[in-house]
A.B. asks: 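Quick one: structure below, then a few questions.
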Amino acid sequence: GAGVSQSPSNKVTEKGKDVELRCDPISGHTALYWYRQRLGQGLEFLIYFQGNSAPDKSGLPSDRFSAERTGGSVSTLTIQRTQQEDSAVYLCASSLATGGLTEAFFGQGTRLTVV
Amino acid sequence: DAKTTQPPSMDCAEGRAANLPCNHSTISGNEYVYWYRQIHSQGPQYIIHGLKNNETNEMASLIITEDRKSSTLILPHATLRDTAVYYCIVRVANQAGTALIFGKGTTLSVSS
């Protein structure tokens with residue numbers, strides 16, 4: 001596609017359930033980022049992938065959060081045993097390279113509501 | 001740790017220039033200044049970036065002080081559609097492993 005695609009656009013889940021959020025980056029983009037944005041708050045960095053390097057997981061808030069990037073393309077963010085405080089918009093972005101002077105393109109996000 | 005400081009909010013009249021300041025007093029010589037904005041309910045959008053020279057594109061101008069400790073994003077003729085949160089970010093280029101870290105930004109409200 002032309003841009004970063006995220007699915008689902010909205011997800012309502014019960015507390016304690018696991019959820020998977022998907023991100024399809026722009027083709028050829030080697031860098032991929034996940035962010036969390038709670039209502040009325042700024043963007044909270046979660047994890048970043050760059051090519052074949054080990055991902056920077058320094059922003060993951062707990063061990064309930066994990067992410068994979070298969071084949072250097074599609075990424076999945078998994079939240080296990082969801083809690084109400086996990087309710088937020090989860091944004092994915094990709095860029096050609098993290099170190100290069102290239103802009104990051106963002107998807108429209110997945111709005112997660114934990115009830 | 002926040003590398004940038006921005007006012008939490010600003011107002012601007014439609015058609016006037018919007019000047020958004022950003023302080024980055026601890027910026028390193030190899031760090032660039034990036035600006036993004038986030039319109040309500042959308043993902044952030046890249047605006048412009050620069051190292052030390054002033055930059056201009058179709059969206060905005062970026063003025064960086066000579067000591068590089070602060071910068072100003074200028075929207076020359078603000079419209080209602082420019083109402084958004086504007087983020088100033090400093091980031092090392094040409095180094096693998098550098099994530100894009102957002103601060104709290106400035107909420108710009110453009111009114112008619």
Side-chain angles (χ1 to χ4, degrees), chain A residues 2-7 9-10 21 23-26 29-60 67 88-111, chain B residues 1-9 22 28-53 55 57-60 62 64 73 84-109:
Chain A
V4 177
S5 178
Q6 292 187 245
S7 60
S9 55
N10 283 283
L21 312 180
C23 174
D24 284 88
I26 294 173
H29 280 193
T30 57
L32 186 146
Y33 310 80
W34 282 100
Y35 296 86
R36 176 171 71 179
Q37 188 168 34
R38 292 189 169 117
L39 185 65
Q41 303 297 311
L43 281 85
E44 179 184 0
F45 166 71
L46 296 178
I47 188 170
Y48 130 85
F49 298 88
Q50 165 57 0
N52 295 322
S53 301
D56 177 356
K57 304 179 181 180
S58 62
L60 294 178
V89 175
Y90 289 82
L91 289 157
C92 175
S94 72
S95 68
L96 278 172
T98 186
L101 301 179
T102 56
E103 60 190 276
F105 294 85
F106 282 79
Q108 291 302 301
T110 293
R111 182 175 299 279
Chain B
D1 292 336
K3 289 188 172 183
T4 64
T5 304
Q6 298 177 253
S9 63
C22 180
S28 300
N30 61 348
E31 286 184 315
Y32 284 70
V33 180
Y34 286 76
W35 283 84
Y36 281 75
R37 74 178 182 183
Q38 186 175 25
I39 295 171
H40 183 61
S41 298
Q42 297 183 20
Q45 174 191 25
Y46 166 85
I47 301 173
I48 199 168
H49 73 271
L51 181 63
K52 55 183 179 181
N53 296 322
E55 303 288 343
N57 63 21
E58 65 278 5
M59 289 183 68
L62 175 60
I64 303 174
L73 178 75
V85 179
Y86 287 77
Y87 296 97
C88 170
I89 303 164
V90 295
R91 182 187 183 205
V92 176
N94 298 322
Q95 176 181 332
T98 306
L100 197 62
I101 305 298
F102 289 77
K104 297 185 184 302
T106 295
T107 299
L108 175 68
S109 299

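Side chains included, hydrogens not; waters and symmetry mates left out as well; all remaining heavy atoms used. A note on names: the letters A, B, ... follow the listed sequences, proteins ahead of strands, and every chain is numbered from 1.
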A.B. asks: Side chain from CB out, backbone as N, CA, C, O: work out which of these in A/Tyr35 comes under 4.5 Å of a heavy atom of chain B, or both, or neither.
C.D. replies: side chain
A.B. asks: Is there a donor in the side chain of B/Arg37 and an acceptor in the side chain of B/Tyr86, or the other way round, less than 3.5 Å apart?
C.D. replies: yes
A.B. asks: Mind checking the CD1-CG spacing from B/Ile64 to B/Asn53? Nearest 0.5 Å is all I need.
C.D. replies: 7.5 Å
A.B. asks: What is the ring orientation for B/Tyr34 with B/His49, classed by angle as parallel under 30°, tilted 30 to 60°, or perpendicular over 60°?
C.D. replies: parallel
A.B. asks: Is A/Gln37 close to chain B through its backbone or its side chain, or both, or neither, when contacts mean heavy atoms under 4.5 Å?
C.D. replies: side chain
A.B. asks: Using non-hydrogen atoms and a 4.5 Å limit, figure out which bit of A/Leu43 sits close to chain B: side chain, backbone, both or neither.
C.D. replies: both
A.B. asks: Taking atom types as modelled and ignoring hydrogens, do the side chains of A/Ser58 and A/Asp56 form a donor-acceptor contact shorter than 3.5 angstrom?
C.D. replies: yes
